[in-house]
2 protein chains.
Amino acid sequence: MDDLDREILDLLRANARMPTSEIAQRVGLSAAPVARRIARMEASGVIKGYTAIVADSSVGEIDAFTEIRLTGQTDTREIEEIARQVPEVQQFFTISGDPDGLLRFRVRSVEHLQSVVNAIRRTGLVAGTKTLIVMSTWDRATDVGGSGREQRALDAP
Amino acid sequence: MDDLDREILDLLRANARMPTSEIAQRVGLSAAPVARRIARMEASGVIKGYTAIVADSSVGEIDAFTEIRLTGQTDTREIEEIARQVPEVQQFFTISGDPDGLLRFRVRSVEHLQSVVNAIRRTGLVAGTKTLIVMSTWDRATDVGGSGREQRALDAP
DNA sequence: GGTGAAAGAAGGAAGAG
DNA sequence: CTCTTCCTTCTTTCACC
């Protein structure tokens with residue numbers, strides 16, 4: 001993991017479908033070593049995957065978050081069990097503090113939302129939930145003009 | 001937007017780097033119409049982009065969410081202004097209810113986290129913040145075994 | 001939506017620094 | 001040990017049916 005790897009990661013975060021040859025050109029290498037670096041990062045788990053960012057509303061779906069508070073004796077790792085039981089859950093985050101976790105899911109309607117929230121409660125693992133319905137989303141990685149380095153302003157703490 | 005488009009979306013969500021030829025094979029079409037459909041969805045804004053999912057901890061970064069409550073007179077669309085002023089912000093979500101928004105960002109350290117939270121407060125747009133530090137993440141789209149259709153359990157409300 | 005040809009990208013092998 | 005340069009194979013893209 002050197003600076004070149006981090007540059008490659010930034011470019012892939014901005015556009016996961018960017019050809020290796022273009023990445024190579026931007027970081028000042030030829031294509032072969034870039035491909036090898038990407039393969040290495042995929043194998044080592046630094047890169048967990050590539051995904052398309054879809055405007056849920058244009059597919060007629062609702063994007064929502066549910067904060068969950070686990071029951072006293074529940075290990076935070078059991079949040080995975082909720083995701084397993086509720087197939088609408090797309091992502092979860094284990095949180096240090098309050099709440100204990102954040103679930104993100106997509107539903108087709110408000111009725112469907114209700115049934116998903118109830119399914120989460122029915123797992124018996126959660127002491128309480130609070131659901132946040134997303135009205136709009138924005139992502140720097142895919143925003144226009146965001147074409148590389150300016151996406152990582154992590155240099156100035 | 002027909003069922004074929006939705007299948008293609010599912011496959012791209014699961015693996016944005018999947019070759020068009022393989023998508024074509026899975027949905028039972030040839031490569032050319034699949035490429036046309038993807039291009040159309042990109043142009044119409046259904047597909048907003050493609051991104052790599054990176055294990056932040058392996059890059060030595062902290063992933064965090066901050067719930068924000070806006071000051072009384074602030075339009076929810078001004079959350080965009082916060083993202084513009086605080087370059088560490090990677091994503092934001094406009095929420096219906098309480099809180100008004102959710103910001104997601106990456107930082108290098110706890111000190112850096114503090115400075116970002118303060119930068120958010122300093123915008124003058126927020127009445128309050130609550131920050132959630134992510135300990136672990138999971139994403140169905142990139143989870144092993146998630147190879148297509150079973151990711152969309154949206155059929156049974 | 002399918003087909004076929006041209007342009008381009010990916011992956012592998014050999015060699016230079 | 002890592003980058004570069006080819007070379008082959010596969011993919012994408014564009015014409016047109």
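These values consider heavy atoms only, across backbone and side chains, with no hydrogens, waters or symmetry-generated copies. Chain A is the first sequence line, chain B the second, and so forth, proteins listed ahead of strands; every chain is numbered from 1.
Taking atom CZ of residue A/Arg36 and atom C1' of nucleotide D/dC3, one finds them 7 Å apart after rounding to whole Å. Here the C1' atom of nucleotide C/dG11 and the CZ atom of A/Arg40 are 17 Å apart, to the nearest Å. Taking atom CG of B/Leu29 as the reference point, atom C1' of C/dG2 lies 9 Å away to the nearest angstrom. One can place CD1 of A/Ile8 at 13 Å from C1' of D/dT2, the figure rounded to the nearest angstrom. Note: CG (B/Leu4) to C1' (C/dG1) measures 10 Å, nearest angstrom. Across the protein-nucleic acid pair, A/Asp3 atom CG and D/dT2 atom P stand 16 Å apart, rounded to whole Å. Rounded to an integer number of Å, the gap from B/Arg26 CZ to D/dT11 P is 13 Å. Between the C1' atom of C/dA10 and the CD atom of A/Glu22 lies a distance of 15 Å, rounded to the nearest Å.
For the 3.5 Å distance criterion, the side chains of B/Arg121 and B/Thr129 qualify, holding a donor opposite an acceptor. Residues A/Thr131 and A/Thr66 have side chains that bring a donor and an acceptor to within less than 3.5 angstrom of each other.
Residue B/Ser30 places none of its side-chain N or O atoms closer than 4.0 Å to OP1 or OP2 of C/dG1. Applying the 4.0 Å criterion to OP1 and OP2 of C/dG8, one finds that A/Ser21 has every side-chain N and O outside that range. Between B/Thr20 and the phosphate of D/dT11, there is no side-chain N or O to OP1/OP2 separation shorter than 4.0 Å.
Within the nucleic acid shown, B/Pro19 comes within 4.0 Å of sugar-phosphate atoms alone, with no base atom in reach, counting heavy atoms only.
Candidate nucleotides D/dT4, D/dT13, D/dC16 were compared by shortest atom distance to the side chain of B/Ala35, and D/dT13 ranks first.
A salt bridge does not link A/Asp5 with A/Arg36: none of the charged nitrogens is closer than 4.0 Å to a carboxylate oxygen. By the 4.0 Å N-to-carboxylate-O rule, A/Arg106 lies too far from A/Asp63 to be salt-bridged with it.
If you find the closest nucleotide of DNA chain C to B/Arg17 and to B/Asp2, the one lying nearer the 5' end belongs to B/Asp2. Between B/Met18 and A/Ala32, the residue whose closest nucleotide on DNA chain D is further toward the 5' end is A/Ala32.
Under 3.5 Å, the side chain of B/Arg37 and the base of C/dG1 form no donor-acceptor pair of N or O atoms.
Hydrophobic clustering keeps B/Phe93 apart from B/Val86 (ILVMFWY residues linked when any side-chain heavy atoms are closer than 4.5 Å, directly or through intermediates).
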